[in-house]
**Q** 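Below is the structure I would like to discuss, written out as structure tokens.
The first residue in the sequence is number 1, and the count goes up from there. Computation of the quantities below employed the complete heavy-atom set of this structure, encompassing side-chain atoms and omitting hydrogens, waters and symmetry-equivalent molecules.
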Amino acid sequence: MLDTEARTLAYLAKYPQNTIRQCAMALNLTERTVIPTVRALRRHRYLTVHRVGRRNEYTVNRDAVINLDGRQVPVGRFLNLMGIRKPKA
């Protein structure tokens, strides 16, 4: 997983209701970088996007497996290591 993808995934896991613009600003990236990154995360099924009114809300698939330095790690474990806990229902 690329650094930008990992940072974006972690941000959207922590702030699922924020916009792409807010994500880009928080990560010091451009929206033009974040948009294709979110598309890639969706394509790999790490992330799903739900339309809520005029905004999007993001849900991270914590059971998906990512490749970190050649090791297969569940997304949930990666997020736990980043200090991002599963939101309470």
**Q** Using only atom types and a distance under 3.5 Å, with no angle test, would you say the side chain of R7 pairs donor to acceptor with the backbone of L27?
**A** yes
**Q** Quick check on the hydrophobic clustering: are F78 and V65 connected, directly or via other members, by side-chain heavy-atom contacts under 4.5 Å?
**A** no
**Q** I'd like to check the side-chain contact (heavy atoms from CB on, under 4.5 Å) partners of R54; sequence neighbours left out, ordered by chain and number.
**A** none
**Q** With the side chain counted from C-beta on, respond yes when N56 and Y58 share a heavy-atom pair under 4.5 Å apart, and no when they do not.
**A** yes
**Q** How long is the span from the CD atom in Q72 to the CG atom in N67, to the nearest 0.5 Å?
**A** 5.0 Å
**Q** Using the rule that Ile, Leu, Val, Met, Phe, Trp and Tyr join whenever any side-chain heavy atoms are under 4.5 Å apart, tell me whether M25 and I35 fall into a single cluster.
**A** no
**Q** Among residues at least two apart in sequence or on other chains, which ones pass salt bridge (charged side-chain N to carboxylate O under 4.0 Å, His left out) with R21?
**A** E31
**Q** Is there side-chain contact between H50 and T59, with at least one heavy-atom pair below 4.5 Å?
**A** yes
**Q** Would you sort out whether T30 and V34 count as a side chain to side chain contact (heavy atoms under 4.5 Å, CB included), showing the intermediate values?
**A** CA-CA 6 Å; T30 65; V34 174; over 6 Å; no
**Q** Identify whether V75 and V73 are in the same connected component of the hydrophobic contact network (ILVMFWY, side-chain heavy atoms under 4.5 Å).
**A** yes
**Q** Show me the donor-acceptor pairs within less than 3.5 Å that the side chains of residues 8-17 make with the rest of the protein, sequence neighbours left out.
**A**
{"from": "T8", "atom 1": "OG1", "to": "T4", "atom 2": "O", "distance (Å)": "2.8"}
{"from": "Y11", "atom 1": "OH", "to": "N18", "atom 2": "ND2", "distance (Å)": "2.6"}
{"from": "Q17", "atom 1": "NE2", "to": "E57", "atom 2": "OE1", "distance (Å)": "3.4"}

**Q** Report the residues that fulfil side chain to side chain donor-acceptor pair (under 3.5 Å) with R71, sequence neighbours left out, ordered by chain and then residue number.
**A** none
**Q** Show me the side-chain donor-acceptor pairs of residues 36-45 shorter than 3.5 Å, one per line, residues at least two apart or across chains.
**A**
{"from": "T37", "atom 1": "OG1", "to": "T33", "atom 2": "O", "distance (Å)": "2.7"}

**Q** Could you walk me through whether N61 and Y46 pass the side chain to side chain contact (heavy atoms under 4.5 Å, CB included) test, one step at a time?
**A** CA-CA 5 Å; N61 179 3; Y46 299 142; 5.6 Å; no
**Q** Other residues, nucleotides and ligands only: do more than 12 of their heavy atoms fall within 6.0 Å of CZ on R32?
**A** no
